[in-house]
Amino acid sequence: MQTCIFCEIRDNQKESIITEDENAFVILDKYPSSDGHMLIISKNHSTSMLDAEDIVISKMFLLAKRMALRAKQRLGADGVNVSTNIGKEAGQIIDHFHIHVTPRYATPKKGFLVHKELSAEHAKDLIKRLS
Ligand SMILES: [Zn+2]
């Protein structure tokens, strides 16, 4: 069986977790669409939202709301996209249920390059600001 990268992060990369609750944890997207792009990831492995429990889905969207607020308050985002992809045709890359919280800025952040791998240094700073 192939290892799931999100299960691997849940089990072995605690330092990359911004915050968590009983159902889910939050990390930064490694190839962000915008500065501060976060992923809300279910603790139990389900392939997508369609095979996750209703209560888990509800709680995860509440966590997404909390992180969207932090993006506005702490990163100065002007808007935020909250979305989940179901199936590869919809852009789902990792087959483990997650919600994207993507901050949007009226003025593009200086030096930000879309989908460029996040540096360890910048990740550290963002985790500190968003925790
Ligand atoms: Zn998984």
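Just so you know, these numbers use all the heavy atoms, side chains as well, and skip hydrogens, waters and symmetry mates. Every number for a ligand or one of its atoms is a count from 1 in the order of the listing.
Side-chain contacts under 4.5 Å among hydrophobic residues (ILVMFWY), followed directly or transitively, place V114 together with F112.
The distance between the ring centers of H100 and H98 falls below 6.0 angstrom.
Residues meeting the side chain to side chain donor-acceptor pair (under 3.5 Å) test with H115, sequence neighbours left out: none. Residues satisfying the side chain to side chain contact (heavy atoms under 4.5 Å, CB included) test with D11, not counting sequence neighbours, are none.
Tally of protein N, O or S atoms closer to the Zn ion (ligand 1) than 2.8 Å: 4.
Taken to the nearest 0.5 Å, the CD1 atom of I9 stands 8.0 Å off from the CD1 atom of I17.
The two atoms that bring I41 and M60 nearest to each other are C-CE, 3.9 Å, heavy atoms only.
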